[in-house]
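Letters A, B, ... are given to chains in the order of the sequence lines, protein chains preceding strands, and every chain is numbered from 1. Note that the structure is predicted; figures quoted are calculated from it, not measured.
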Number of protein chains: 2
Amino acid sequence: MLEQTFKALADENRLRIINLLFHGEFCVCELEVFLGLSQSNLSRHLGKLKTSGIITAEKDGQWVHYMISEVFKSENVLLFEYLQKKMRKDQVFEKDIERMQNYKKSKLSCSVIRENKEQVLEIINQEESHAKGK
Amino acid sequence: MLEQTFKALADENRLRIINLLFHGEFCVCELEVFLGLSQSNLSRHLGKLKTSGIITAEKDGQWVHYMISEVFKSENVLLFEYLQKKMRKDQVFEKDIERMQNYKKSKLSCSVIRENKEQVLEIINQEESHAKGK
DNA sequence: TGAGTATATGAGAATATGATCATATAGAAA
DNA sequence: TTTCTATATGATCATATTCTCATATACTCA
């Protein structure tokens, strides 16, 4: 069981998914643009996380929303605290959150993504104007 | 980095090694009988745990003593607490500890193991007389 | 020195994993 | 109904992982 949990966590793409789900629920097409992964690849990673019990899925019409499993969370409190702490210190994970927040701020919606992927990518990848003024 | 840590933990044999090292320092031949792994296989697992920074090794003559890395421990407190908590609830890990304690109680030493492996195995595998009176 | 012991490592086989392409399914919209 | 869209999955390839056997290294003891 412990082994299965760690196997599920032993992949950067899956860790990036979990990091995003710490900040909300998302459907596959949203995660796709946040992470730059192909639909098929992403779907498989979500499948593994679901099989291992770390995340759950809720169908909403043709969309599927993924979220952290409350059951798993309550049974693995220390692990989640550890993950959140470590992820906050890592550029890769922070960048993903930034993209996700740009997406939310811009009031973009799930259905726009496919039609205007180029434009959506440009919007979510824009630098924070004041942050990191290098 | 996080990914590397989880990769190192994503194997039952390595988790069993870590579980034992939570309770002391041991050399390869001791871990060998506690876990029933071949010398070569065990050595490789120890190598991976060492490469990932989770454990360290100290040479003592022809023996090598392995132990949890204090540096890693201090940088991953929550993870270690999580591991210890989960391991205490798992039969497999508890059994390993029992074998290790039988070994210590019997005042067996590292050098006896090779000569009398059969006998050592018998001693460390004996049931606790009062515990689990099934 | 030479023999013996503890551990590490190269090479190979078996299996597992991750990514991709094409296709299937299921729901939405027309 | 047909068409379109979101997600899942079969098949495949490339790579990674685990284990084993044989051998190498490094230390000890005579």
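Near DNA chain C, defined here as any heavy-atom distance below 4.0 Å, there are no residues from residues 19-32 of chain A. Remark: B:Gln62, B:Trp63, B:Val64, B:Tyr66 in residues 49-72 of chain B come within less than 4.0 Å of DNA chain C through at least one heavy atom. Proximity of residues 8-16 of chain A to DNA chain D (heavy atom under 4.0 angstrom from any strand atom) is not detected for any residue.
Not counting sequence neighbours, A:Glu12 has no partner by the side chain to side chain donor-acceptor pair (under 3.5 Å) test. Judged as a salt bridge (Lys or Arg N to Asp or Glu O under 4.0 Å), and not counting sequence neighbours, the contacts of B:Asp96 are B:Arg16, B:Arg99. The side chain to side chain donor-acceptor pair (under 3.5 Å) check on A:Asn76 picks up B:Tyr82, with sequence neighbours excluded. For B:Lys86, there are no side chain to side chain donor-acceptor pair (under 3.5 Å) partners two or more places apart in sequence or in a different chain. With sequence neighbours excluded, no residue forms a salt bridge (Lys or Arg N to Asp or Glu O under 4.0 Å) with B:Lys50. The salt bridge (Lys or Arg N to Asp or Glu O under 4.0 Å) search around B:Arg44 returns none, not counting sequence neighbours. Shown here are the side chain to side chain donor-acceptor pair (under 3.5 Å) partners of B:Asp90, two or more places apart in sequence or in another chain: there are none.
Atom NZ of A:Lys117 has more than 12 heavy atoms from other residues, nucleotides or ligands within 6.0 Å.
The footprint of chain A on DNA chain D, defined by a heavy-atom cutoff below 4.0 Å, extends from D:dT5 to D:dA11.
Electrostatic pairing of B:Lys85 and B:Glu81 does not count as a salt bridge here, judged by no charged N lying under 4.0 Å from a carboxylate O.
In this structure, B:Leu49 and B:Ala8 approach most closely via the heavy-atom pair CD2-O, 4.0 Å.
Ring geometry, A:Phe80 versus A:Phe72: the interplanar angle falls from 30° to 60°, so the pair is classed tilted.
Residues A:Val64 and A:Cys27 have side chains not in contact (no heavy-atom distance under 4.5 Å, counting atoms from C-beta outward).
No side-chain donor-acceptor contact under 3.5 Å links B:Asn116 to the backbone of B:Val112.
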One pair to check against side chain to side chain contact (heavy atoms under 4.5 Å, CB included): A:Leu2 and B:Phe93. What are the steps and the verdict? CA-CA 11 Å; A:Leu2 206 47; B:Phe93 297 120; 4.2 Å; yes

Using a 4.0 Å heavy-atom cut-off, write out nucleotides 9-14 of chain C from 5' to 3' as B (base contacted by protein), S (sugar-phosphate only) or - (no contact). BBB---

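Side-chain atoms of A:Tyr103 and A:Glu30 form a donor-acceptor pair, as typed in the model, at a separation below 3.5 Å.
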